[in-house]
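In what follows, a single structure is set out as structure tokens and then discussed.
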Amino acid sequence: MIDAAEAAAACGSRLRPFGFGRNAVRAPVREPAVLRRHPHLVRFADVEADLELLIDRAINAIMDGEPAEDEILGHYVNIASLVRAVSFREGKLLEQAVERLAKANPSIIVLTQSLKLPLVKAAMEAVAGNNWSSLDGIKLDCEAPAKGSYTPDLIVVNRARHTAYILDVKRSLASYGDTSRLEELKLKMMASAMVLPDWLYKNQKRLMVDAVEVAIIDGASRPSDHANGVWALSELDDLLEIDGVAACMAELRLRFAIRVQQLLEAEARKALGGKEEAVISAPEAVVAPAPTYSRINLNGPSRTYEEDQAARSYDDDHDRDEPGFDDGSDEDEPTPAFIRIGFARRPARH
């Protein structure tokens with residue numbers, strides 16, 4: 001048996017909680033080497049102040065929104081506005097947190113500004129018509145003819161491995177499940193990967209890499225699919241080669257969730273408190289359409305349906321024989337007319 005306090009004194013490091021419960025045994029901060037997977041480590045306590053600041057900024061940005069009046073949502077428009085803002089700000093928060101935590105690995109550079117990568121036509125055609133594995137080793141000129149561009153959330157460069165990662169951070173991939181948007185995103189990321197080495201060399205002070213990999217980060221940490229470029233947020237330790245990143249991101253999301261739910265609860269109470277009783281008034285008058293009288297005599301002997309149809313047919317034929325009736329059958333074929341096609345516009349006033 002090895003006493004935790006003696007082990008802590010031997011390694012000269014402070015204690016930290018270990019296990020669960022109030023009386024949990026305390027263990028040294030430095031984990032045994034056998035439990036470490038990567039040479040670098042980050043703990044939430046070490047970055048708590050920075051991550052809390054990021055949460056505060058996200059919450060303030062969510063609260064700053066001024067929703068427009070909505071006749072359908074009424075008193076609940078502020079709640080809907082908060083939900084929309086949370087969906088956007090959470091993704092930004094995760095990006096900023098990854099950037100901060102990546103600093104624990106001195107070999108990593110995170111690029112976040114001016115990341116518009118050209119979608120070179122040759123690259124788009126290559127990824128659309130070939131298997132991704134067959135394009136290994138192909139690099140294209142970033143100044144070649146392009147059609148559009150793609151802006152990743154982050155570009156992470158591991159200088160020790162001479163590898164660059166194109167990252168797209170999503171708060172959740174749930175909305176991508178039954179659509180083609182995820183495939184379109186992957187095509188853009190893969191096409192960008194083929195020009196990234198040249199782009200880094202020309203735009204990032206001659207920064208050189210030997211490999212480029214793409215990864216879509218799912219903030220909800222659903223089952224990953226590395227073969228298709230999808231990584232769970234809980235797997236960031238391996239991507240950044242830093243132990244503790246996933247735990248820090250989980251704590252960040254938990255604290256952000258608490259703050260967001262407090263906002264929503266306060267806004268919901270406010271909406272319910274200010275709600276007025278809806279008054280539903282009946283219309284003063286209902287205009288009924290003019291009745292169509294049946295040819296069946298309700299006060300006398302009734303006719304069968306066949307007799308009624310025959311009577312209607314007779315009346316129509318009789319009307320055609322009357323002077324002045326013209327069904328247009330003797331007219332010439334109509335001449336083609338000019339038909340305007342375009343956007344709807346307001347009718348001109350006379």
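Positions are given from 1, in the same order as the sequence printed here. All heavy atoms count here, side chains included; hydrogens, waters and symmetry mates do not. What you see is a predicted model; the values in this text were computed from it and never measured.
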For this session: Salt-bridge test for R37 and D237: reply yes if a basic N is under 4.0 Å from a carboxylate O, no otherwise.
Result: yes

Exercise. Salt-bridged, R255 to E251, with N to O below 4.0 Å?
Worked result: yes

For this session: Please step through salt bridge (charged side-chain N to carboxylate O under 4.0 Å, His left out) for the pair E183 and K186, ending with a clear verdict.
Result: CA-CA 5 Å; E183 290 301 320; K186 286 191 291 186; 3.0 Å; yes

Exercise. Does the side chain of I62 come within less than 4.5 Å of L82's, by heavy atoms?
Worked result: yes

Problem set entry | Close side-chain approach of L200 and L111, heavy atoms under 4.5 Å | yes

Problem set entry | Stepwise side-chain hydrogen bond (donor to acceptor under 3.5 Å, both in side chains) test for S172 and R222 | CA-CA 8 Å; S172 174; R222 289 177 172 81; 2.9 Å; yes

Exercise. What do the steps show when you test E235 against S224 for side-chain hydrogen bond (donor to acceptor under 3.5 Å, both in side chains), and what is the final call?
Worked result: CA-CA 9 Å; E235 298 174 315; S224 59; 3.1 Å; yes

For this session: Check the hydrophobic clustering (I, L, V, M, F, W, Y; side-chain heavy atoms under 4.5 Å; chains of links allowed) and say if I138 and V195 are grouped together.
Result: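 Result: yes, single cluster for both.
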
Problem set entry | Stepwise salt bridge (charged side-chain N to carboxylate O under 4.0 Å, His left out) check, D141 with K202 | CA-CA 10 Å; D141 185 356; K202 292 178 178 177; 2.9 Å; yes

Seminar exercise, completed: The reported gap from CG in L167 to CG in L239 (rounded to nearest 0.5 angstrom) is 5.5 Å

Problem set entry | Pairwise distance CG(D218) to NZ(K170) - rounded to 0.5 angstrom |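 Those atoms lie 11.0 Å apart.
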
For this session: Output yes when a side-chain donor or acceptor of R159 lies under 3.5 Å from a complementary backbone atom of P106, and no otherwise.
Result: yes

